[in-house]
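These values consider heavy atoms only, across backbone and side chains, with no hydrogens, waters or symmetry-generated copies. Chain identifiers are assigned alphabetically (A, B, ...) following the order of the sequence lines, protein sequences preceding nucleic acid strands; residue numbering begins at 1 within each chain. Please read these numbers as outputs of a predicted model, since none were measured by experiment.
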Protein chains: 2
Amino acid sequence: METFPRQGCSWKNRTVTSERGSATIKDVAAAAGVGIATVSRVFSGTGAVSERTRERVLAAARELDYRPSALGRGLRLRRSGGIGLVVPDVTDPFCAGLIDGVLACARSLGEHLVLDAAHGDPAREAEIVDRLVEQRLAGVIALPAASGSGAAWRAAVRSGARVVFADRALPGLHELPAVLADDRSGVRTLVEYLVGLGHRRIAFLGAAAPGAAAGVRERAFRDTLAELGVAADEDLIVSARPARDSAYAAAAGLLQRRTDVTAVLAAGHLLGEAAVLVARELDLRVPADVSIAMVDDVPWAELCDPPLTVVARPARDIGYRACEMLLRDRPLRAARPVLLPTELVIRGSCGPPRSPRTASSRAAGR
Amino acid sequence: METFPRQGCSWKNRTVTSERGSATIKDVAAAAGVGIATVSRVFSGTGAVSERTRERVLAAARELDYRPSALGRGLRLRRSGGIGLVVPDVTDPFCAGLIDGVLACARSLGEHLVLDAAHGDPAREAEIVDRLVEQRLAGVIALPAASGSGAAWRAAVRSGARVVFADRALPGLHELPAVLADDRSGVRTLVEYLVGLGHRRIAFLGAAAPGAAAGVRERAFRDTLAELGVAADEDLIVSARPARDSAYAAAAGLLQRRTDVTAVLAAGHLLGEAAVLVARELDLRVPADVSIAMVDDVPWAELCDPPLTVVARPARDIGYRACEMLLRDRPLRAARPVLLPTELVIRGSCGPPRSPRTASSRAAGR
DNA sequence: CCCTCCGATGGAAACGTTTCCAGCCCATGC
DNA sequence: GCATGGGCTGGAAACGTTTCCATCGGAGGG
C-alpha cells in the first residue's frame, strides 16, 4: 500500500497527465493493455468481460487511482444524476429536518444532493434555480420564497427541469406537484385543545405573508374558532416578518397591550421563541398566567421550562416524500398537493386559563 | 410571454429535441442563423461578438429556453466547479452553522455545494467521498467521522481531489489542511471561569473518541485544572458516545453517583442538554445546586431557564474559512491547522458553588 | 490601388465517457 | 474441414461545450 505524496507516481505515459488532473479511462486502458471500451464495460458493469481481463483492468485502475468521471458519463448519458434542493435557511431546524429527509431518500436511490439557501430573497432564488438547471440534475426540490412570483420556477420547468415543492406551494403554481404538512388540521387540533382547556381569548402570532401563502394557518385558526363558537378578536391576531426581531416585537406588543390573553398560539418556532422570551421578560408564569403553544417542534421545545406544547410537522417525511416523488413519478404529475399529517405533542406549557370566569361549562377540570 | 405547457414549442427543427431533453447550443445557433462558436462566445462572455449578433443569439436562446449545460462545459474545461461538503449530521446545529458558512463563501465565489451526511459511519463516509471524487468538484470540505481511519481521504487526495478538514482533523492525516475551533483555549477559559467562581469539584462530560481525536477538550480540562492547582478527580471525568441516550445515561450516572459535584462542564451540546435534563429530573436548581456550562452555543441555550453559559464555537466562520482556503490556496498547503477563536458567553447557569466550604480564598465575591 | 490589420465569424478538435458495430478466436456441429 | 455461433474485444461515433485557427470583409495607410 502506497503512502501519501502525489509525486512518485510515474507510470508509463502518465507522467504528464498525473500532474494535471486525474487518470482517465484511456490511461487505464493503456496501462492494462486493453481498449477503452473494455475498461468502460468493467466499470459500468454492462457487457461481458473475461475474468482475467477484468482483474487486469481493476489492478491498473487501482494503481492509477482511477475514478470514472461523472462529467464524461453525464454528458454521454445526458443526465448528471443528483438532485437540487433550495431552502430558505439551512440553520432553521425545520429546514434541516427537511434536508435530512431528502438526503436519506436521495442516498437510498443513489443520487447526490446539491443544496443552496435563498434566504427568502426571490432574486437570489432565481439565480440559484438558474444554476441548478445548468447542472442538468435529475430534479429540483424547493421550499420557495414566500414572496417570489414563481416566474423563475416556470422558466426552469420550461427549460426541462423537474420541480417538486416542499412545505410551501407557490400561489400561482398549483400545476406543480407539492408535498405539504397538513397545517390546517394541525392548527385546528391545537385550537380545539386550547379551547377545550377553557381558553377564550387566544392570541394568534402569525407570519406576515405578502400573498395569501402562509395564510393557511391563520385561516384555520379563524375557522376553528368560528366552528367552536368562539368569537375571534381581530386585535389578538398579529403577524411578524420571519425574523427574530420582528417576532419579538410582535409578541411583546401583543402581550403588553392585551394583558387579558390567556393563551398564545405561535404559528412558527421563531414566533414561539419570541412568545416564551417575552413571557419571561414580563414575569408571566407559563402556563399559570399564560399558556403558550406553537406550530413546529424543535429541540429546544423540550428543553424549555416548562416544555412547550407544539404541533409537530413532519419535516423529514416531507423531504423524503418530495424526493421520492421527484425521482419516481415520471412524468411528474401535479394532481393535488400531498398532505402529511401533523401531530399534537402535549407537554407542559398549556393549562387552564388564569381567571376561569369565562371557562364555565366544559373545561376547567382538575 | 408564453404560458406554461411544454408542448406548443415547435421551432424549425426542434420538435424532436424539445420532447426529450433541453435545447443545446446547436439549436440556438441554428435558430439564430449563426455558428455554434458564436453562441458559445455570447454565453461564456469571452471573445468579441457584434451587438447585432449578440442580440439575435440572446433572442433565439430566450425563445428556446436555452441554458448552457454544465456537463458540456465541465467536460471541456476539465472542472465541474462546485464543492463537496461531508458532515456527520445535517440537523446538528453546529453542522448547520458550518454548512451555512460554506454556502456563503461558495456562493460569493460562484460555486455550488454538494452536501452529504455520513452519520459517523466511516463506511458511508468512504462511499460518499468516492461519489464526490467522481463529480470532479473543485474541492471537498469534510467534518470527518471520528472513528474513521482516513484511508478514504488519502485515496481521494491521491486521485486528484482537494480536501480541507473542518472542525476536526483526522489523527493520521495532519498533512491535510484543516480549520478548527480553538477548543483548547475555549475549555481553558471555561475552567478558569468556573474555578474563579469557587468551584473545585467540577465534572467533565466528554465525548468518547476511539482515537485521541476529541481528547483535546479533555486534555485542556485536565491541564487547566493542574495549572490552577486543582486536583482532577478521575471519577468526575466521564464520557459518552455522541448520541442522546448515551449522553443522558452518562450525565445521570454522574450526578446520581456524585452528589458533591458543584459544576458540570459539558463538552458538547448533546452533553449539555443531557446535563440540563438530568438536573431538572433530580430537582437540582441551576445554578444554586449545580452550575452547568457547555461547549457549543445553540439556540436553546438562550431559551433555557436559566440561560446556559457556553463557550461559543464559530461554526459559520469555520465553514467560511475552510471554503475560502479550499478555493483560494492553490496548491493547497497543509501548514498547521488554522485555529479560530472561541468566545465565552456568560449567561445564567453558573454561580458560586453550593457549599462554599472549599471556596475560601479568591472566589465567592459578590 | 494594394497591402495590412483588425474585428467578427464559423469549422473542427478535444474533453471522458457509453454503446453500437464489426472483428477476432475458439468451440461445436455437421 | 468448414460453416455457424457465441463470447470477448477494440474502434469510432456521439453527448454539449470551449477554443484554436482560418476565413472573410472592411477600413486605413502607404
Between atom [atom1] in [X] and atom [atom2] in [N], what is the gap in whole Å?
X: A:Phe43; N: C:dT18; atom1: CZ; atom2: C1'; answer: 14 Å
X: A:Arg41; N: C:dC20; atom1: CZ; atom2: P; answer: 11 Å
X: A:Arg76; N: D:dG16; atom1: CZ; atom2: P; answer: 11 Å
X: A:Ile36; N: C:dC20; atom1: CD1; atom2: P; answer: 15 Å
X: A:Gln135; N: D:dG16; atom1: CD; atom2: C1'; answer: 14 Å
X: A:Ile25; N: C:dT19; atom1: CD1; atom2: P; answer: 11 Å
X: B:Arg56; N: C:dA8; atom1: CZ; atom2: P; answer: 14 Å
X: B:Arg78; N: C:dA14; atom1: CZ; atom2: P; answer: 12 Å

| message | Please compare B:Glu51 and A:Leu71 by the position of their nearest nucleotide in DNA chain C and report the one closer to 5'. | response |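 First, find each residue's nearest nucleotide; the 5'-ward one identifies B:Glu51.
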
| query | DNA chain C: A:Arg67 or B:Ser50, which has the more 5' nearest nucleotide? | reply |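 The residue whose closest nucleotide sits nearer the 5' end is B:Ser50.
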
Which nucleotide in the list [options] gets nearest to the side chain of [X]?
X: A:Ala48; options: C:dA8, C:dT17, D:dC8; result: D:dC8
X: A:Ser40; options: C:dT19, C:dA8, D:dT17; result: C:dT19
X: A:Val34; options: D:dC15, D:dT17, D:dG10; result: D:dG10

| said: I want to check one thing: is the phosphate of D:dT9, taken as OP1 and OP2, less than 4.0 Å away from some side-chain N or O of A:Thr53? | reply: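 So the side-chain polar atoms of A:Thr53 do come within 4.0 Å of the phosphate oxygens OP1 or OP2 of D:dT9, strictly under.
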
| said: Just N and O in the side chain of A:Thr38: are any of them under 4.0 Å from OP1 or OP2 of D:dT9? | reply: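 Checking D:dT9 against A:Thr38, no side-chain N or O comes under 4.0 Å of OP1 or OP2.
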
| task | Quick one: closest heavy-atom pair of A:Arg124 and A:Ala118, and the distance? | result |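 That closest heavy-atom pairing would be CD-O, 3.7 Å.
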
| task | Let me know, please, whether B:Leu75 or B:Thr46 comes out on the 5' side of the other along DNA chain D by nearest nucleotide. | result |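 Its nearest nucleotide being more 5', the pick is B:Leu75.
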
| Under 3.5 Å, is there an N or O donor on one side and an acceptor on the other linking the side chain of B:Arg73 and the base of D:dT17? |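 Absent.
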
| request: Without swapping roles, check the side chain of B:Arg67 against the backbone of A:Gln135 for a donor-acceptor pair under 3.5 Å. | output: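 No: the side chain of B:Arg67 does not pair with the backbone of A:Gln135.
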
| In Å, rounded to the nearest 0.5 Å, how long is the span from CZ of A:Phe43 to CD1 of A:Ile25? |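 It is 8.0 Å, given to the nearest 0.5 Å.
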
| query | Should we say atom CZ of B:Arg136 is surrounded by more than 12 heavy atoms from elsewhere, each under 6.0 Å from it? | reply |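 More than 12 heavy atoms, drawn from other residues, nucleotides or ligands, come within 6.0 Å of this atom.
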
